[in-house]
*Asks:* 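Before anything else, here's the structure in question.
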Amino acid sequence: VTPTRSSRVLTSRGMALLHYVALVCGWLTLARAVFLEPASGSGSTPECTDPEEFLCPDGSCISIFLICDDVPDCPSEADELLCVQPIPRDCKPDQHPCIGEQRCVSLAAECDGINDCSFASDERNCPPPPLGSPCSSSQFVCALSGSCVPLAARCDGRIDCPGAEDEQGCVPPLITDLPPPSVTLLPGENITLTCVAEATPPPFITWLRDLQPLPVDPRYVVTSEDGVGTLEIRDVRELDEAEYTCQVVSRLFGDQLALTGTSVIVNETAPFTCEDRFGRQYFEGERYFDTQIFTSGPANQAAADVIFVVDESGSMVMEHEWIRREVASLDGRLRERGVGAGERENLFALVGFARDSPSDIIGIVLSQLAPSEEFVAASQELLLNGLAEDGYAAIVHALDNVPTRPDTSRLMVLVTDEDRAELRQDLSREGVEERLRG
């Protein structure tokens, strides 16, 4: 990368007309014509000896990499005048457009301590360094020596710190949260999909569309920060119908693709398929929470008996994972509020329903009331072969087959993503609510 040299033309007035052109492979152009007086007693005009330096009108020299970086370095600001900085228009949503050149780099290259773009636009506007840190926010601190290495050197399989700290404590990515399996939208709506992964260092998360790179489209916006990746699709159209899958990128451990994706369905006349007790309507594939608490007296604060009644149909992969994570969190939150924090602990039971078995389609008790650890172990027995889901019948089955303790609060949680199939036509919502109050 070498700029063209400044051309000097002497005028009849004995002054030098300097026409500066810094042209780097056609990516960045700075043109500025100025007049310079010859240096006193020298009879010559100022000149920079380094080909990678730019001559300011006052005769001082600066690096060409300071040209058009939005920071004036010449006293006359000549290095920031008449800048033409083309921005690539064919970068994908998970790429950074290198300002001043027709090239794109991965968003993972932003603020990683390495200039991937020729004019370092991928290292601009980075967060400030941590308070008291000897290194910038785009660098890793070598604890033993106090030296700094680029963040890109952290867990890349090569030792950069004198004490090899940059390759210690590396943890492979684990995807911990995924968007729903399907979403139905009307044309013109916006949607944001979120994928979460844990790793050391935090991984970069990108997305695939039908297992191919995302298209070049300004309506698609990708972000990834501290292991939380999002894909926003604005003003959705029928052409956006596809399956979107998150992908975790790791220098040391390789890329990891989520096992399931999210099908985005755009239906201009999508009829609603569900209606909750408050009258709100929902479209096919859209999730909702319909919650009502029934009490027959003051809630007992000593401990709680929690019964999860869970759909076992094939679309429940994410819900089953959610249950395994949620039960420990629920137990902790109850304890924080004094429920189950004394002599009596909170207990959890699990009832599955809708499995492909005549004897178990109504419901099957997978775990009687037990501590949360045993509940999580029992949840591994949940199947994904359900045919017909009758949540009302499953609740009644749980009430009849899972005995609860006296003097405890009782909580029934129904987890499903399907409309009710009336396997027991003798049951109504009002009747089930009456049983729950009893």
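For clarity, every value in this text was computed on a predicted model and none was experimentally measured. Positions are given from 1 along the sequence.
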*Asks:* Would you say that more than 12 heavy atoms from the other residues, nucleotides or ligands in this model lie under 6.0 Å from the CG of D210, or not?
*Replies:*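 Enclosed: over 12 neighbouring heavy atoms sit under 6.0 Å from CG of D210.
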
*Asks:* To the nearest 0.5 angstrom, please state how far the OG atom of S313 sits from the CZ atom of R355.
*Replies:*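 With rounding to 0.5 Å, OG (S313) is 12.5 Å from CZ (R355).
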
*Asks:* Check the SG atoms of C56 against those of C61: under 2.5 Å or not?
*Replies:*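 C61 does not pair with C56 as a disulfide (SG atoms not under 2.5 Å apart), so no.
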
*Asks:* Looking only at heavy atoms, which two atoms of P75 and D58 are closest? And how far apart?
*Replies:*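 Scanning both residues completely, I find the closest heavy atoms to be CG-OD2, 3.2 Å.
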
*Asks:* Does R158, at its CZ atom, have more than 12 non-hydrogen atoms belonging to other residues, nucleotides or ligands within less than 6.0 Å?
*Replies:*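 No, not enclosed.
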
*Asks:* What disulfide bond (SG atoms under 2.5 Å apart) pairs are there with at least one residue in residues 209-249, not counting sequence neighbours?
*Replies:*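 Every disulfide bond (SG atoms under 2.5 Å apart) pair that includes a residue of residues 209-249, provided the two are not neighbours, is C195-C246.
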
*Asks:* Locate the shortest heavy-atom distance separating I361 from A388; write the atom from each residue and the value.
*Replies:*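 I361 and A388 have their closest heavy atoms at CG1-O, 3.8 Å.
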
*Asks:* Hey, does the side chain of E167 reach the backbone of G157 with a donor-acceptor pair shorter than 3.5 angstrom?
*Replies:*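 Answer holds: yes.
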
*Asks:* Kindly compute the distance separating CG (D360) from CG (L366), expressed to the nearest 0.5 Å.
*Replies:*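 It comes to 8.5 Å.
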
*Asks:* Please answer whether the main-chain N or O of L387 pairs with a side-chain N or O of D356 as donor and acceptor at a distance below 3.5 Å.
*Replies:*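 No: the side chain of D356 does not pair with the backbone of L387.
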
*Asks:* Kindly indicate whether the side chain of T194, heavy atoms from C-beta on, has any atom under 4.5 Å from the side chain of D177.
*Replies:*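 The answer is no; the side chains never approach within 4.5 Å.
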
*Asks:* Please give me the minimum heavy-atom distance between P187 and N267, naming the atom from each residue.
*Replies:*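 Nearest pair, atom of P187 first, then N267: CD-O, 4.0 Å.
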
*Asks:* If we ignore hydrogens and angles and just use 3.5 Å, is the side chain of R335 paired with the main-chain N or O of G340 as donor and acceptor?
*Replies:*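 Judged by distance alone, yes, a pair lies under 3.5 Å.
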
*Asks:* Identify the heavy atoms of A354 and E389 that sit nearest to each other, and give their distance.
*Replies:*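 That closest heavy-atom pairing would be CB-CG, 3.6 Å.
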
*Asks:* So, the side chain of H320 versus the backbone of D311: is there a donor-acceptor pair under 3.5 Å, distance only?
*Replies:*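 Judged by distance alone, yes, a pair lies under 3.5 Å.
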
*Asks:* Closer than 3.5 angstrom, by distance alone: can the side chain of S224 be matched with the main-chain N or O of I205 as a donor-acceptor pair?
*Replies:*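 Yes; judged by distance alone, with no hydrogens or angles, the pair exists.
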
*Asks:* Applying side chain to side chain contact (heavy atoms under 4.5 Å, CB included) to V248 and F253, what does each step give before you reach the verdict?
*Replies:* CA-CA 10 Å; V248 180; F253 300 101; over 6 Å; no

*Asks:* Under the 3.5 angstrom rule, does the side chain of E123 hit a backbone N or O of D112 as a donor-acceptor pair?
*Replies:*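 At least one qualifying donor-acceptor pair exists.
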
*Asks:* Is there a donor-acceptor pair under 3.5 Å between the side chain of T192 and the backbone N or O of E232?
*Replies:*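 Not at all, since once roles are kept as given, no pair shorter than 3.5 Å links the two residues.
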
*Asks:* List the steps, then state whether side chain to side chain contact (heavy atoms under 4.5 Å, CB included) holds for S118 with R103.
*Replies:* CA-CA 9 Å; S118 297; R103 191 161 65 95; 3.9 Å; yes

*Asks:* Considering non-hydrogen atoms only, spot the tightest contact between L178 and A258 and give its length.
*Replies:*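 Answer, listing the atom of L178 first, then A258: CD2-CB, 3.7 Å.
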
*Asks:* Assess the residue pair C126 and C111 against the criterion (disulfide bond (SG atoms under 2.5 Å apart)); give the C-alpha distance rounded to whole Å, side-chain angles, the decisive distance to 0.1 Å, and a yes or no.
*Replies:* CA-CA 6 Å; C126 297; C111 298; 2.1 Å; yes

*Asks:* Could you tell me whether a side-chain N or O of Q95 sits under 3.5 Å from a main-chain N or O of K92, the two making a donor and an acceptor?
*Replies:*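 Side chain of Q95 to backbone of K92: a pair is present.
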
*Asks:* So which pairs with a foot in residues 243-261 pass side-chain hydrogen bond (donor to acceptor under 3.5 Å, both in side chains), sequence neighbours left out?
*Replies:*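 Every pair satisfying side-chain hydrogen bond (donor to acceptor under 3.5 Å, both in side chains) with a residue in residues 243-261: R209-Y244, Y220-Y244.
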
*Asks:* At what distance, to the nearest 0.5 angstrom, does CG of L414 lie from CD1 of I307?
*Replies:*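 Between atom CG of L414 and atom CD1 of I307 there are 12.0 Å.
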
*Asks:* For the pair D235 and R237, find out whether any cationic side-chain nitrogen is under 4.0 Å from an anionic carboxylate oxygen.
*Replies:*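 Counted as a salt bridge, because a side-chain N and a carboxylate O are separated by less than 4.0 Å.
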
*Asks:* Listed by chain and number, what are the salt bridge (Lys or Arg N to Asp or Glu O under 4.0 Å) partners of D166, not counting sequence neighbours?
*Replies:*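 Expected list: none.
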
*Asks:* Check the pair L259 / V317 against side chain to side chain contact (heavy atoms under 4.5 Å, CB included), numbers first and verdict last.
*Replies:* CA-CA 10 Å; L259 296 179; V317 176; over 6 Å; no

*Asks:* Kindly indicate whether the side chain of V306, heavy atoms from C-beta on, has any atom under 4.5 Å from the side chain of N346.
*Replies:*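 With C-beta onward as the side chain, the pair stays apart.
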
*Asks:* Under the side chain to side chain contact (heavy atoms under 4.5 Å, CB included) test against I323, which residue among V310, L330, V413 passes?
*Replies:*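 When V310, L330, V413 are each tested with I323, the side chain to side chain contact (heavy atoms under 4.5 Å, CB included) holds only for V310.
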
*Asks:* Can you give me the closest heavy-atom contact between M318 and P181, atom names plus distance?
*Replies:*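 Heavy atoms of M318 and P181 come nearest at CG-CD, 4.3 Å.
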
*Asks:* With rounding to the nearest 0.5 angstrom, report the CD to CE distance, E321 to M316.
*Replies:*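 E321 atom CD to M316 atom CE measures 11.5 Å (nearest 0.5 Å).
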
*Asks:* Table please: side-chain donor-acceptor pairs of residues 368-384 below 3.5 Å, with sequence neighbours left out.
*Replies:*
residue, atom, partner, partner atom, Å
Q368, NE2, N401, O, 3.1
S379, OG, R324, NE, 3.0
S379, OG, V376, O, 2.5

*Asks:* Are any of the side-chain heavy atoms of I233 and D217 separated by less than 4.5 Å?
*Replies:*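 Not in contact.
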
*Asks:* How far does CD1 of I191 sit from CG of L185, to the nearest 0.5 angstrom?
*Replies:*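 Taking CD1 in I191 and CG in L185, the distance rounds to 4.5 Å.
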
*Asks:* Please report, to 0.1 Å, the donor-acceptor pairs under 3.5 Å made by any side chain of residues 127-144, with sequence neighbours excluded.
*Replies:*
residue, atom, partner, partner atom, Å
S133, OG, C135, N, 3.2
S133, OG, C135, O, 3.1
S136, OG, S138, N, 3.4
S136, OG, S138, OG, 3.1
S136, OG, Q139, OE1, 3.4
S137, OG, P127, O, 2.4
Q139, OE1, S136, N, 3.1

*Asks:* With a 4.5 Å cut-off on side-chain heavy atoms, are R154 and C170 touching?
*Replies:*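 In contact.
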
*Asks:* Quick one: list whatever passes salt bridge (Lys or Arg N to Asp or Glu O under 4.0 Å) with D305, sequence neighbours left out.
*Replies:*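 So D305 forms a salt bridge (Lys or Arg N to Asp or Glu O under 4.0 Å) with R405.
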
*Asks:* Counting only N and O atoms by type, is there a donor-acceptor contact under 3.5 Å from the side chain of D122 to the main-chain atoms of D116?
*Replies:*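 Checking the backbone N and O of D116 against the side chain of D122, a donor-acceptor pair under 3.5 Å is found.
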
